[in-house]
Amino acid sequence: MEIEKKKLIFLIDFDITISKKDSTDMLLETHNPKYKIKLREQYKNKEISMREFVIFGLESLNITKEEYIKTLQDKVDIDVSFLDFIKSGVEFRIVSAGTRLNIQGTLLKYNVVLENEKIISNDINFEGKKITITNPFLDKEMYYGVDKKEAVENFKRQGYKVIFVGDGPSDYRAIETADFSFIRKNTRAIDFCKENNIKFKEFDNFNEILSYYNGKEVSKNAD
């Protein structure tokens, strides 16, 4: 049975999925590199959560909003095929454990203005050089900062077929819950899908996703 495309929505991770580098890492590497090393070690040793990594890291930066955005535009590039994806008119939301400004600031370099409603992520506030992070979409475990699984389930309740696009650990629960997933080539989520017998398509650019979307029905039985 052919799927109505108007009821199909893509939920897309940002860092390493749309962007080529992790935006929070690049901000820390530029403005507080020693602290980044410490936080990475703590995260690797499971002493802090992903949410704490983002909060502690970004709140440690002594920079203005303008400096924050300039750093994103100088240091973070995206897979430019995502611009074709946007232009195609497909319905999507970006779902990220970083911040809305990480996404919006990066995309401004490509003349893309993305409104808040298109982004499910953390909020960031500036008072001069003082940064505060809040979690409006906090997961129940308070580990990732953003509940990507809940985002998938919310659109399913609205009658959508949900396609998730991602790459790493913060995406795993959403991948398990989505109707189908596209996984960035050479990322950890590929092993996760294989180990858990989850159907997925590996992709190298967003034009591949568009071609698949336009040419075939997307379902759990896709191979």
Side-chain angles (χ1 to χ4, degrees), residues 8-26 40 43-44 46 48-55 57 76 78-79 81-82 85-86 90-100 102-103 106-107 114 118-122 133 135-157 160-206 208-210 212-213 218-220 222:
L8 189 67
I9 190 166
F10 289 84
L11 299 188
I12 310 170
D13 171 60
F14 183 71
D15 291 299
I16 312 302
T17 301
I18 294 173
S19 70
K20 294 183 178 181
K21 296 180 180 178
D22 185 282
S23 55
T24 298
D25 274 356
M26 295 312 298
R40 272 291 167 199
Y43 177 68
K44 181 180 177 182
K46 300 182 178 180
I48 61 172
S49 65
M50 183 178 294
R51 170 176 170 263
E52 289 170 323
F53 178 89
V54 171
I55 292 175
V76 184
I78 69 165
D79 175 350
S81 67
F82 181 65
F85 188 88
I86 294 174
V90 297
E91 190 166 4
F92 73 93
R93 300 289 186 277
I94 296 179
V95 188
S96 172
T99 78
R100 280 196 175 107
N102 288 37
I103 297 161
T106 301
L107 291 179
L114 212 57
K118 286 278 191 181
I119 304 172
I120 299 169
S121 189
N122 300 305
I133 306 296
N135 309 117
F137 303 99
L138 183 61
D139 53 310
K140 297 176 181 64
E141 296 81 9
M142 296 190 293
Y143 184 84
Y144 294 108
V146 172
D147 196 331
K148 297 186 181 184
K149 177 182 177 181
E150 172 59 26
V152 172
E153 291 176 338
N154 181 47
F155 281 104
K156 279 190 167 187
R157 285 191 291 268
Y160 284 92
K161 181 169 284 289
V162 180
I163 312 304
F164 195 85
V165 187
D167 75 285
S170 70
D171 303 325
Y172 290 170
R173 291 184 180 179
I175 289 168
E176 288 177 318
T177 311
D179 292 291
F180 190 72
S181 294
F182 288 93
I183 307 299
R184 173 66 75 176
K185 187 177 180 180
N186 298 324
T187 60
R188 285 176 287 177
I190 290 175
D191 292 333
F192 173 79
C193 289
K194 289 178 177 178
E195 290 166 4
N196 292 278
N197 297 312
I198 297 170
K199 293 286 187 180
F200 70 100
K201 274 283 184 184
E202 190 173 346
F203 78 99
D204 195 41
N205 63 70
F206 282 86
E208 294 173 6
I209 297 177
L210 280 177
Y212 190 80
Y213 164 71
V218 180
S219 73
K220 279 188 175 289

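Count residues from 1 along the sequence.
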Engineer: Got Asn196 and Tyr172 here, is their nearest side-chain heavy-atom distance under 4.5 Å?
Structural biologist: no
Engineer: Answer yes or no: does atom NZ of Lys118 have more than 12 heavy-atom neighbours from other residues, nucleotides or ligands under 6.0 Å?
Structural biologist: yes
Engineer: Evaluate Phe53 against Thr24 for side-chain contact (heavy atoms from CB on, under 4.5 Å), listing each step before the verdict.
Structural biologist: CA-CA 9 Å; Phe53 178 89; Thr24 298; 4.1 Å; yes
Engineer: For Asn122 versus Gly145, what's the shortest heavy-atom pair and its separation?
Structural biologist: OD1-O, 3.3 Å
Engineer: Under 3.5 Å, side chain of Ser121 to main-chain N/O of Gly98, donor-acceptor pair present?
Structural biologist: yes
Engineer: Does the ring center of Tyr212 lie less than 6.0 Å from the ring center of Phe203?
Structural biologist: no
Engineer: Could you grab the distance from atom OG1 of Thr106 to atom CD1 of Ile18, nearest 0.5 Å is fine?
Structural biologist: 10.0 Å
Engineer: Taking all heavy atoms of Glu52 and all of Ser49, pick out the closest pair and write down the distance.
Structural biologist: OE1-N, 2.8 Å
Engineer: Find out whether Ile209 and Phe10 are in side-chain contact, i.e. whether some heavy atom of one side chain is under 4.5 Å from a heavy atom of the other.
Structural biologist: yes
Engineer: Between Thr177 (side chain only) and Lys149 (backbone N and O only), is there a donor and an acceptor less than 3.5 Å apart?
Structural biologist: no
Engineer: Do side-chain atoms of Asp79 reach the backbone of Lys20 as a donor and acceptor pair under 3.5 angstrom?
Structural biologist: no
Engineer: Got a second to check how far Lys199's NZ is from Phe180's CZ, nearest 0.5 Å?
Structural biologist: 9.0 Å
Engineer: Asp13: what forms a salt bridge (Lys or Arg N to Asp or Glu O under 4.0 Å) with it, not counting sequence neighbours?
Structural biologist: Lys148
Engineer: If only atom types and distance count, is the side chain of Thr17 paired as donor or acceptor with the main-chain N or O of Phe14 below 3.5 Å?
Structural biologist: no
Engineer: Measure the spacing between CD1 of Ile190 and OG of Ser181 and express it to the nearest 0.5 Å.
Structural biologist: 12.0 Å
Engineer: Just by modelled atom types, is the Glu202 backbone N or O under 3.5 Å from a matching donor or acceptor in the Arg184 side chain?
Structural biologist: no
Engineer: Taking only Lys NZ, Arg NE, NH1 and NH2, and the carboxylate oxygens of Asp or Glu, determine whether Asp25 and Arg40 approach each other closer than 4.0 Å.
Structural biologist: yes
Engineer: According to salt bridge (Lys or Arg N to Asp or Glu O under 4.0 Å), who are the partners of Asp167, at least two apart in sequence or on a separate chain?
Structural biologist: none
Engineer: So, the side chain of Asp139 versus the backbone of Tyr144: is there a donor-acceptor pair under 3.5 Å, distance only?
Structural biologist: yes
Engineer: Name the orientation class of the two ring planes belonging to Phe82 and Phe85 (parallel below 30°, tilted from 30 to 60°, perpendicular beyond 60°).
Structural biologist: parallel
Engineer: Using side-chain contact (heavy atoms from CB on, under 4.5 Å), reason through Phe137 and Asp147 one step at a time and then give a plain yes or no.
Structural biologist: CA-CA 6 Å; Phe137 303 99; Asp147 196 331; 5.6 Å; no
Engineer: State whether the side chain of Asp179 and the backbone N or O of Val162 hold a donor-acceptor pair below 3.5 Å, judged by distance alone.
Structural biologist: yes
Engineer: When rounded to the nearest 0.5 angstrom, what is the spacing between OG in Ser81 and CG in Asp204?
Structural biologist: 8.5 Å
Engineer: Check for a donor-acceptor pair, side chain of Asp22 on one end and backbone N or O of Asp15 on the other, with a separation under 3.5 Å.
Structural biologist: no
Engineer: Return the minimal non-hydrogen interatomic distance between Ala151 and Ile120, and the atom names on each side.
Structural biologist: CB-CD1, 4.0 Å
Engineer: Which heavy atom of Ile94 sits nearest to which heavy atom of Phe92, and what is that distance?
Structural biologist: CG1-CE1, 4.1 Å
Engineer: From Arg51 CZ over to Asn135 CG, what is the distance, rounded to the nearest 0.5 angstrom?
Structural biologist: 4.5 Å
Engineer: Return the OG to CD1 distance between Ser23 and Ile103, rounded to the nearest 0.5 Å.
Structural biologist: 7.5 Å
Engineer: What are the two closest non-hydrogen atoms of Leu8 and Glu91, and how far apart are they?
Structural biologist: O-CB, 3.9 Å
Engineer: Just by distance, do the side chain of Asp191 and the backbone of Lys194 share a donor-acceptor pair under 3.5 Å?
Structural biologist: no
Engineer: Return the minimal non-hydrogen interatomic distance between Cys193 and Ile175, and the atom names on each side.
Structural biologist: SG-CG2, 3.7 Å
Engineer: With no hydrogens and no angle check, is any side-chain donor or acceptor of Arg188 less than 3.5 Å from a backbone partner on Pro169?
Structural biologist: no
Engineer: Mind checking what makes salt bridge (Lys or Arg N to Asp or Glu O under 4.0 Å) contact with Arg173, not counting sequence neighbours?
Structural biologist: Glu141
